[in-house]
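In the text below, chain A, chain B and the rest are named by the order of the sequence lines, each starting its count at 1.
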There are 2 protein chains.
Amino acid sequence: MSKRSPSPKSERILDVAEELFALHGYDGVTLRQIATGAGVDVALANYHFGKKLDLFRAVFDRRSVELNQSRLQALRQFQAEAGPQGPSVEQIIEAFTRPLEIAQRDGDSGWANYLALVAYINNSPYWGPKMMTKLFDKLVLEFIEALRTALPDAREEDIFWCYQNLSGSLTLALARTGRIDKLSGGTCRSSDLGAAFDRMIPFTAAGFRAVCQKGARTGTTRKKRSR
Amino acid sequence: MSKRSPSPKSERILDVAEELFALHGYDGVTLRQIATGAGVDVALANYHFGKKLDLFRAVFDRRSVELNQSRLQALRQFQAEAGPQGPSVEQIIEAFTRPLEIAQRDGDSGWANYLALVAYINNSPYWGPKMMTKLFDKLVLEFIEALRTALPDAREEDIFWCYQNLSGSLTLALARTGRIDKLSGGTCRSSDLGAAFDRMIPFTAAGFRAVCQKGARTGTTRKKRSR
DNA sequence: TTGCATATTCAACGCTTGTTGAATATGCTG
DNA sequence: CAGCATATTCAACAAGCGTTGAATATGCAA
């Protein structure tokens, strides 16, 4: 009703753009590459989405609502099951990450490309501040609030720095660079988000506790001897 | 002797290229932008470095040896001071990360741009596998070997997955996207690598222990209930 | 000063880029 | 069928791209 149903060719454009932007970044992809990959004329992308930048935004927007709804729902589920002290750190991180794995595993094949695109944007000093805030800040602050409840003695700045560690681990996993495959001699496959999350969740949960739990950090700012 | 000393203008080209590549990526920068920023003619980059891709490689190469020497030296120092069981996980991660902060703080101002460029390349599915291996794998495997010694009960795949978590946290910190500044309302500044590392080191050390220490993980692969 | 290697600029090339306006195809409504 | 909105292609544009060969400047050796 409110939005006309998209033509199949415009969806193909989004799919191909998603794949290419995730691999080569915004400037590394031409509209002609996208059009060729989608089997359409180069002018069609302009017709449906306007300028190249608008197409980039459309790709980034497309799956964000569904993605963040599933994460928020997972968090709400844990909160409903938990007592008044709220869900555990593990549960919060599980709700933050597992829906991404599930989308990649059960959703259409474009999800893997989309998650790699999010990784590209999140790690970019140019695009990150310009595009992440609008679509992801509200959700992230919701999770940080939950972490505050689970770690009541945490200092404000420690919570955010720990979140950045979590975000970094997640970002590199979503980028699926294949580097861990090489380093490990094939033992690990970066396409296996499930295996990555099986370690990432206990890893980062222990990290949060070590930095944010009562008595974890002494003194004022630095804790290690400088020499 | 073996290499002629570089002209001051060729260094300026490298400096400007470093800054722009770190911010916009390989395809987001033109040789004309670099030349203009360096105050030279566009043909000079070709004269000194060959093709655009060769210039990109030259920028990436320039500081890598010095960087990794300082990290390896820090590791060797801890190893010399430690008993036969080797340095602690914290010390290993400290040696892996602190030299980057020190380079940015005490070295010339281009170091911050260089580290952001490393973050860009490491997080890129296109450039990562193509460029990281040659310059960084040897060093990384040395650190992983040290971690194996510090965590003798760790499974092989767990060590590598945990390393990826560390690498991801480090990568996002080096990218200095400014996102944590916004999220935290100004409490954290992503340009402050020291503050980031003060949390990253205990955070990731606890993560390694939680996943890789004896008795940390039970059963075969998954540890959490699926529902 | 002359000579020569290195460094730098100049001018231009062929090609690709994003974008546009007009032309055509498609599919639904009457 | 006619009419019309939407979808798609066609052809072309001006601008910018990386790269090159020739021309000029620079700095040191004889």
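For the pair B:Gln33 CD and D:dC17 P, the interatomic distance rounds to 7 Å; values are reported in whole Å. As rounded to whole Å, 13 Å separates atom P of C:dT17 from atom NE2 of A:His24. Between the P atom of C:dT16 and the CG atom of A:Asp27 lies a distance of 18 Å, rounded to the nearest Å. The interatomic distance linking A:His48 (NE2) with D:dT9 (C1') rounds to 12 Å, in whole Å. Protein atom CG of B:Leu20 is 12 Å distant from nucleotide atom P of D:dG18, rounded to whole Å. One atom, CG of B:Leu31, and another, P of D:dA15, lie 21 Å apart when rounded to the nearest Å. Here C:dA23 presents its P atom at 16 Å from CG of A:Asp41, a figure rounded to the nearest Å. As a whole-Å value, the separation of B:Tyr26 OH from D:dG18 C1' is 9 Å.
Here B:Lys52 does not reach the OP1 or OP2 of D:dC17: none of its side-chain N or O atoms lies under 4.0 Å away. For the pair B:Lys9 and C:dT9, the criterion of a side-chain N or O lying under 4.0 Å from OP1 or OP2 is met.
Remark: B:Arg98 fails to qualify as a cation-pi partner of B:Phe197 under the 6.0 Å distance and 45° angle criteria applied to the six-membered ring.
A search for side chain to side chain contact (heavy atoms under 4.5 Å, CB included) contacts involving A:Leu135 returns A:Phe60, A:Asp61, A:Ser64, not counting sequence neighbours.
Between A:His24 and B:Tyr126, the angle of the ring planes lies from 30° to 60°, which puts this pair in the tilted group.
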Report, one pair per line, the protein and nucleotides 24-27 of chain D atoms (nitrogen or oxygen only) whose separation is under 3.5 Å.
none

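The base of C:dG18 lies close enough to the side chain of A:Arg32 for a donor and an acceptor atom to sit less than 3.5 Å apart.
A salt bridge links A:Glu11 to A:Arg62: at least one charged side-chain nitrogen sits closer than 4.0 Å to a carboxylate oxygen. Using a 4.0 Å cut-off between charged side-chain N and carboxylate O, B:Lys9 and B:Asp15 make no salt bridge. A salt bridge is absent between A:Asp181 and A:Arg176; no separation between the charged side-chain nitrogens and carboxylate oxygens falls under 4.0 Å.
Closest to the side chain of B:Tyr47, out of C:dT6, D:dG18, D:dG21, is C:dT6. Closest to the side chain of B:Asn46, from the set D:dT20, C:dT19, C:dT8, is D:dT20. The side chain of B:Thr30 sits closest to D:dC17 out of D:dT19, C:dT20, D:dC17.
Remark: the B:Arg76 side chain and the B:Gln73 side chain contain no N/O donor-acceptor pair separated by less than 3.5 Å.
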